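A short worksheet on the structure shown next.
Reckoned from all heavy atoms, side chains included, excluding hydrogens, waters and symmetry mates. As the structure is a prediction and not an experimental result, all values here were calculated from the model. When a ligand or atom number is given, it counts from 1 through the structure's own listing order.
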Amino acid sequence: MGIIKLHDKYFKSYISEKKIAKAIKSLVKKVSEDCKDETPIFIGILNGSFMFVADFVREYKYNCEVSFVKLASYEGTNSTGKIKQLVGINENLEGRTVVILEDIIDTGNTLQEIYEIFKDKKVKQLKIATLFFKPDVFKKELPIDYIGISIPDKFIVGYGLDYDGIGRNLSSIYQITSKPTIKNILLFGPPGVGKGTQADILKAKYNLSHVSTGDVFRSHMKRETKLGILAKSYIDKGNLVPDDVTIKMLKTVVNKLPSSNGIIFDGFPRTKAQAIALDELLEEKGETIGGMLTIEVPTSLLIARLLERGKTSGRSDDQDENKILNRFNEYYTKTEILKEYYQAQNKYFGVDGVGEISEITKRLSDVFDNL
Ligand code: AMP
């Protein structure tokens with residue numbers, strides 16, 4: 001899902017679950033060809049390899065044993081200081097075929113230590129399989145028998161690998177990246193909270209682009225395009241325009257935007273399907289949503305505001321209280337659930353929308369500056 005933040009660092013999507021599964025399949029195929037006539041012991045190196053080992057052995061269709069070890073260091077009494085020891089290996093490995101399963105090999109320092117320890121155990125043969133391999137930094141003479149995916153020397157997390165303790169539970173791999181300079185935001189809230197007004201101010205202040213799906217629909221309606229005629233039949237009743245139509249239109253608009261420091265989405269997404277489509281669109285561009293900034297105003301104030309706006313805006317959906325109420329109904333039944341969607345990603349920010357325009361801009365800016 002685009003860019004994520006773990007502790008103080010940012011990571012971008014790098015290797016998908018599908019690619020990982022494919023690499024594991026091909027590793028298993030090669031190991032099976034070499035080991036199927038005996039019962040090898042697969043030994044995973046903890047902690048990072050737990051996911052890889054689980055998926056690897058699930059794919060391996062012949063007899064095998066599975067064990068895990070951890071390389072622990074303790075203070076020795078001699079002058080060399082730290083002594084490394086393998087914890088967890090109880091099996092007698094004499095005469096056995098041992099395949100070490102590593103999640104990632106970079107310099108090879110840890111592997112070298114493990115390799116030396118295993119060599120003393122009089123095994124029949126010792127093989128090494130790794131899911132990820134960094135050829136640019138590997139400095140040892142050790143033979144790596146099976147390599148899943150070779151990657152450049154950049155820090156990765158996910159699929160068992162951590163950054164300072166977290167990230168192991170991610171099901172795909174993310175690569176470290178710089179803090180995103182592009183800040184895309186969603187300006188959110190029920191009709192009449194002042195999204196358009198604030199979007200215009202923020203747009204100028206931060207050099208952002210502004211996409212208002214309502215404005216785009218109204219422009220099509222004015223020009224009586226095919227899309228405009230279709231949208232009018234929904235908008236006039238205060239209903240949402242169907243997702244497929246809206247998503248298609250949004251993609252066209254976003255792909256034509258000039259470059260800027262980010263995009264303010266105003267009135268989009270309004271449904272979960274739209275939110276997912278937006279994530280996909282931004283991911284293709286290597287970007288993400290920085291935050292959903294919701295302007296909060298009590299509904300009672302909003303109805304009066306919209307009817308007042310209707311006197312000058314010319315918008316048919318601002319002039320009839322029933323249409324306005326239906327727009328609120330659409331918001332509270334279809335759109336408000338998006339709060340949960342963005343809350344789950346720690347991207348939801350509520351901002352008090354009652355007060356002077358400049359006060360509300362200040363509240364929104366404080367959130368924006370810290371995204
Ligand atoms: P707005 O100007 O954002 O209040 O939008 C006016 C009307 O346009 C809405 O009541 C909907 O009928 C339609 N509309 C705008 N954005 C969307 C969207 N993302 N999905 C579906 N309908 C939309």
Parallel, tilted or perpendicular for Phe11 and Phe155, by the 30°/60° rule?
tilted
If only side-chain N and O atoms count, and only distance matters, is there a donor-acceptor pair under 3.5 Å linking Ser172 with Glu17? no
Among non-hydrogen protein atoms, atom 23 (C) of ligand 1 lies closest to Phe217 CE1, 3.7 Å
Query raised in the report: Can the ring centres of Phe188 and Tyr331 be said to be less than 6.0 Å apart?
Result: yes
For atom 7 (C) of ligand 1, the closest protein heavy atom turns out to be Ile235 CG1, 4.0 Å
Checking side-chain polar atoms at under 3.5 Å, does Asp279 have a donor or acceptor matched by the opposite partner on Tyr341? yes
Checklist line | Distance-only polar pair, side chains of Lys140 and Asn109, donor-acceptor under 3.5 Å | finding: yes
A student checking ligand 1 against Thr246 at a 4.0 Å heavy-atom cut-off should list atoms 18 (C), 19 (N), 20 (N), 21 (C)
Judged by heavy atoms only, the candidate from Arg270, Met249, Lys323 nearest atom 4 (O) of ligand 1 is Arg270
Worksheet item: Can a non-hydrogen atom of Phe268 be found less than 4.0 Å from any atom of ligand 1?
Response: yes
Problem - Asn169 and Tyr159 side chains, donor-acceptor separation under 3.5 Å - result: no
inquiry  = Quick test of your reading of the model: are Asp366 and Arg363 salt-bridged, counting only N-O distances below 4.0 Å?
reply    = no
Thr213 heavy atoms within 4.0 Å reach ligand 1 at atoms 15 (C), 16 (N), 17 (C), 19 (N)
Does any N or O atom in Arg218 lie less than 3.5 angstrom from one in ligand 1, N or O only? yes
- Task: Look at ligand 1 and say whether Arg315 reaches it with a heavy atom at a distance under 4.0 Å.
- Result: yes
Hey, are Asp200 and Lys203 close enough for a salt bridge, meaning a charged N less than 4.0 Å from a carboxylate O? no
With heavy atoms and a 4.0 Å threshold, my read on which part of Arg327 contacts ligand 1 is side chain
In this structure, atom 20 (N) of ligand 1 is nearest to the protein heavy atom Gln274 NE2, 2.9 Å
Looking at Val241, Thr335, Ile324, Asn239, the heavy atom closest to atom 12 (O) of ligand 1 belongs to Asn239
Within-cut-off N or O pair, Gly267 and ligand 1, under 3.5 Å:
yes
